[in-house]
Amino acid sequence: MGVSDNTVGLSLAVASSAFIGASFILKKIGLIRAGKGGIRAGGGGYTYLLEPLWWAGMMTMLLGEIANFVAYTFAPAVLVTPLGALSIIVSSLLAHFVLKERLEKLGVLGCVSCIVGSVIVVIHAPQEHMPNSVEEIWNLAIQPGFLTYAVATLVVVAALVLFFEPRYGQTNIMIYLGICSSMGSLTVVSIKAIGVAIKLTLDGMNQVAYPHTWLFVIIAIICVVSQINYLNKALDTFDLAVVSPIYYVMFTTLTIVASGIMFKDWAGQSFSSIASEFCGLITILTGTIMLHTAKEEETGSSAALPWPLDRGSISWCISLGSDNLLKNVNEDYFAALQSSPAPV
């Protein structure tokens, strides 16, 4: 009995998460090593380009993205997209054991939630129906259901870009993330169509001659560029700890909705299976938010300065009759540091 398409897609999605999660650690180590011998990347330096480990991280991430791209060819988005959360688990665990970063109890609970949710999604995921041609995918794309979704998405994006971004883009995180998440959902269905075209071509059914193939390529390029552009704006304007979980939740939700409408992923499934998939998805999203919350709390606690430097100012009462004012300043200052309570 041959291996099912869902099994291949699942394996590729898990491998993708492992590669991407490990890539963050490799790049982090490369950046640390580069920072010891030159200007850090955060200070505008580029010495990390000479660090082999940083390039190893980039190559590992590239392998992960390729595996993720191919996974969409074999499995429905409702199975592949949520499993992206596993990359956060991999990077968190490797950071704990390799970089000796603390993994708080909330982070452990987040990891467990992501794993449990992923298992639920995998068990109840629908089987993939492989189209016989790109033309068949195009016929799915022009059906009333998906056309309504696509038009509504473009109208919302146009409103966000033309009206809301100039007024609220710098203060409301949902503007930038709404744009890149909406475009991201169209990116995934276009990439899936391209992946199917490549697979069918390799199987001997040439899809290059179909104009629909190149139309999907053009749509994918436009959506990817728009998605990256507004994601970069969000990262440049707001904290990563806030951007990452919100973007993951919005992107995952809209991608599953878009793919479900276009490819009819839930056709033939029972209500209990669909409900179980959504429960698994909510569990994964909750675990992802807990992981990012744990990282944010850890960053905040490690960045806190010891008393009295975190109180905003230091003042001394010095007698004007003293013979050595500077000596009194030094002694009072160090006395304050020595008598300070240990940070909690």
Side-chain angles (χ1 to χ4, degrees), residues 6-7 9-29 31-32 56-57 60-61 63-65 67-68 71-72 75-125 177 181 184 231 235 238-256 275-303:
N6 267 26
T7 303
L10 169 64
S11 302
L12 288 169
V14 172
S16 169
S17 295
F19 281 129
I20 293 175
S23 72
F24 288 118
I25 305 303
L26 290 172
K27 289 195 292 184
K28 177 75 172 180
I29 296 174
L31 289 170
I32 293 174
T60 306
M61 177 169 282
L63 288 175
E65 294 296 345
N68 189 58
Y72 279 110
V78 69
L79 173 61
V80 176
T81 306
L83 293 181
L86 296 179
S87 64
I88 304 174
I89 298 178
V90 173
S91 61
S92 298
L93 292 177
L94 288 178
H96 176 70
F97 290 107
V98 178
L99 300 178
K100 307 303 179 184
E101 296 181 2
R102 291 184 60 186
L103 185 60
E104 304 292 343
K105 292 180 180 179
L106 185 61
V108 175
L109 183 59
C111 290
V112 174
S113 297
C114 288
I115 293 173
V116 171
S118 299
V119 171
I120 294 173
V121 169
V122 169
I123 291 175
H124 296 280
L177 294 186
S181 298
L231 181 58
L235 291 171
F238 303 98
D239 291 339
L240 176 62
V242 179
V243 172
S244 295
I246 295 177
Y247 174 63
Y248 178 78
V249 169
M250 293 179 66
F251 171 74
T252 301
T253 303
L254 292 177
T255 296
I256 290 175
S276 297
E277 289 168 27
F278 276 98
C279 289
L281 174 61
I282 292 172
T283 305
I284 294 173
L285 298 179
T286 303
T288 303
I289 293 173
M290 286 192 291
L291 274 168
H292 282 284
T293 301
K295 288 183 179 181
E296 185 178 10
E297 290 179 354
E298 180 183 350
T299 302
S301 61
S302 64

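- Taking Tyr248 as the reference, nothing meets the side chain to side chain donor-acceptor pair (under 3.5 Å) condition, with sequence neighbours excluded.
- The backbone N or O of Leu12 sits nowhere less than 3.5 Å from a side-chain atom of Ser16 that would complete a donor-acceptor pair.
- For the pair Leu109/Lys105, no side-chain contact is recorded, criterion being any heavy-atom separation below 4.5 Å from C-beta on.
- Between Gly9 and Ala75, the shortest heavy-atom distance links the atoms CA-CB, 3.8 Å.
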Mind listing the side-chain donor-acceptor pairs of residues 21-28 below 3.5 Å, one per line with the distance, residues two or more places apart or on another chain?
residue: Ser23; atom: OG; partner: Ile20; partner atom: O; Å: 2.6

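- Considering SG of Cys114 and CE of Met290, their distance stands at 7.0 Å, rounded to 0.5 Å.
- Taking 4.5 Å as the limit, every side-chain heavy atom of Ile289 sits out of range of all side-chain heavy atoms of Ile246.
- By the side chain to side chain donor-acceptor pair (under 3.5 Å) test, Thr81 pairs with Tyr72, sequence neighbours left out.
- Closest heavy-atom contact between Thr253 and Leu285: OG1-CD1, 4.3 Å.
- For the pair Leu291 and Ile89, the minimum side-chain heavy-atom distance is below 4.5 Å.
- Contact of the Val108 side chain with the Glu104 side chain is not registered, since no non-hydrogen atoms from C-beta on lie closer than 4.5 Å.
- Remark: Ala13 pairs with Ala71, Val80, Leu83 by the side chain to side chain contact (heavy atoms under 4.5 Å, CB included) rule, at least two apart or across chains.
- Listed by first then second residue, pairs satisfying side-chain hydrogen bond (donor to acceptor under 3.5 Å, both in side chains) with a partner in residues 88-97 number zero, not counting sequence neighbours.
- Residues passing the ring pair (Phe, Tyr, Trp, His ring centres under 6.0 Å) test with Phe278, sequence neighbours excluded: Trp266.
- In this view, Thr7 and Ser4 satisfy the side chain to side chain donor-acceptor pair (under 3.5 Å) rule, not counting sequence neighbours.
- One finds the CD1 atom of Ile120 at 8.0 Å from the CD1 atom of Ile284 (value rounded to the nearest 0.5 Å).
- The two residues Ser181 and Tyr247 have their closest heavy-atom pair at OG-CD1, 3.5 Å.
- Partners of Ile123 according to the side chain to side chain contact (heavy atoms under 4.5 Å, CB included) rule, which considers only residues two or more places apart in sequence or in another chain, are Val119.
- Residues Val121 and Gly280 come closest through the heavy atom pair CG2-C, 3.8 Å.
- Residues Ile256 and Glu277 have side chains not in contact (no heavy-atom distance under 4.5 Å, counting atoms from C-beta outward).
- In this structure the side chain of Thr288 never reaches within 4.5 angstrom of the side chain of Val249, judged on heavy atoms.
- Evaluation of the side chain to side chain contact (heavy atoms under 4.5 Å, CB included) rule for Ser17 yields Leu86, Ser87 as partners, not counting sequence neighbours.
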Decide side chain to side chain contact (heavy atoms under 4.5 Å, CB included) for Leu99 and Leu94; before the verdict, give the C-alpha distance in whole Å, the side-chain angles of both, and the deciding distance to 0.1 Å.
CA-CA 7 Å; Leu99 300 178; Leu94 288 178; over 6 Å; no
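- In this structure, the side chain to side chain contact (heavy atoms under 4.5 Å, CB included) partners of Thr283, at least two apart in sequence or on a different chain, are Ser113.
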